[in-house]
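Reviewing the structure listed below.
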Amino acid sequence: MILCCGESLIDMLPRESAAGEPAFAPYAGGAVFNTAIALGRLGAPAGFFGGLSTDLFGEQLAGVLAQSQVDAGFSARSDRPTTLAFVTLTDGQARYAFYDENTAGRMLTEADLPELDDTVAALFFGGISLVSEPAADTYAALAAREAGRRVIMVDPNIRPGFVRDAARYRSRLDALLGIADVVKLSDEDMEWLGVAPETLLARGTSLVCVTRGAEGVDAITAAGTTRVPARPAMVIDTVGAGDTFNAGLLAGLWEAGLLQREALAAAPLDALVPAVALGTQAAAVTVARAGANPPWRTEL
């Protein structure tokens, strides 16, 4: 199983009512949640760990996980509210306003951490769940506990406007990136962090993927760099695109038998390209749809 550890929330997406009034429609979302959904739809054994509410939105989230063949059995349920993210779109680019105080996801503590068995091969971390405490420290503790035992993938997916304590956030990310086997970064992430792929490789990361929008993705290992081109797509919006890429990459590594730390570290660069290409292929479908709606494997 690939266990996606992080936030789930409701994206309130902009719509227009029948009377022509501005409105918002609730859609299940969250970067880590989206990655779990995409993994399940791509046919990989997917699980989700996070704080899930028992409110109406939490039930909506749990239902979407089940529909996409994602095991939510590791998640911690509580009666705290669900995080809401109101989305506005400008030229297809998403901007978010988060309502996250005292929510089921944010108030996750180390007491909620699950014990993992041998069926869990890899853990994925990322998104805003690495920003907001106490949950951010809880996920960092889980990653530190499992590092060296299972493949760890991290996608910082940095949203500077959401960061309140940059020093603590940078310190947490530095520790996570130092134990990650796979890291995905955007150009903006690298600029904000002030980190280069070569630095991550020197610290022990086996694969760094740098996404470059329409130009594609650079797959970087100690053996070199190769550019995997993006798939042509008619872009509706970019909501969930990076999350879908993460899922495609992890699904591809799982299919190739490379979701083991030793196998991943020893894999030649050419052996990693199909997994990266699956990520770009799946992401191209997502950007051609409104909202985070990753494809099923039969659609590729």
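The hydrophobic side chain of Trp296 is isolated, with no ILVMFWY side chain under 4.5 Å apart from it. Other cluster members for Leu300: Leu42, Leu278, Val285, joined by side-chain heavy-atom distances under 4.5 Å among Ile, Leu, Val, Met, Phe, Trp and Tyr.
To the nearest 0.5 Å, atoms CD1 (Ile158) and CZ (Arg170) are separated by 7.5 Å. Atoms CD1 and CG, from Ile152 and Leu123 in turn, are 4.5 Å apart once rounded to the nearest 0.5 Å. From Leu3, atom CG reaches atom CG of Asp71 across 8.5 Å, with rounding to the nearest 0.5 Å. Atom CZ in Phe48 sits 12.5 Å away from atom CG in Leu39 (nearest 0.5 Å). In this structure, CG in Leu264 is found 6.5 Å from CG in Leu207, a value given to the nearest 0.5 Å.
Cation-pi geometry between Arg159 and Trp192 is not met at under 6.0 angstrom from the ring centre and within 45 degrees of the axis.
Screening residues 204-213 for salt bridge (Lys or Arg N to Asp or Glu O under 4.0 Å), with sequence neighbours left out, gives Asp187-Arg212, Arg212-Asp218. Residue pairs meeting the salt bridge (Lys or Arg N to Asp or Glu O under 4.0 Å) criterion with at least one partner in residues 242-268, sequence neighbours excluded, are Asp181-Arg261, Glu255-Arg297.
For CD of Glu191, the number of neighbouring non-hydrogen atoms (other residues, nucleotides, ligands) closer than 6.0 Å is 12 at most.
In this view, Arg145 satisfies the side chain to side chain donor-acceptor pair (under 3.5 Å) rule with no residue, not counting sequence neighbours. Listed by chain and number, the residues in a side-chain contact (heavy atoms from CB on, under 4.5 Å) with Ala25 are Arg15, Tyr27 (sequence neighbours excluded).
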Decide side chain to side chain donor-acceptor pair (under 3.5 Å) for Ser171 and Asp174; before the verdict, give the C-alpha distance in whole Å, the side-chain angles of both, and the deciding distance to 0.1 Å.
-> CA-CA 5 Å; Ser171 176; Asp174 182 67; over 6 Å; no

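Two residues are said to be in side-chain contact when any heavy atoms from C-beta on lie closer than 4.5 Å; Glu16 and Glu21 fail this criterion.
For an aromatic pair to be called close, the ring centres must be under 6.0 Å apart, and Phe98 with Phe86 fails this.
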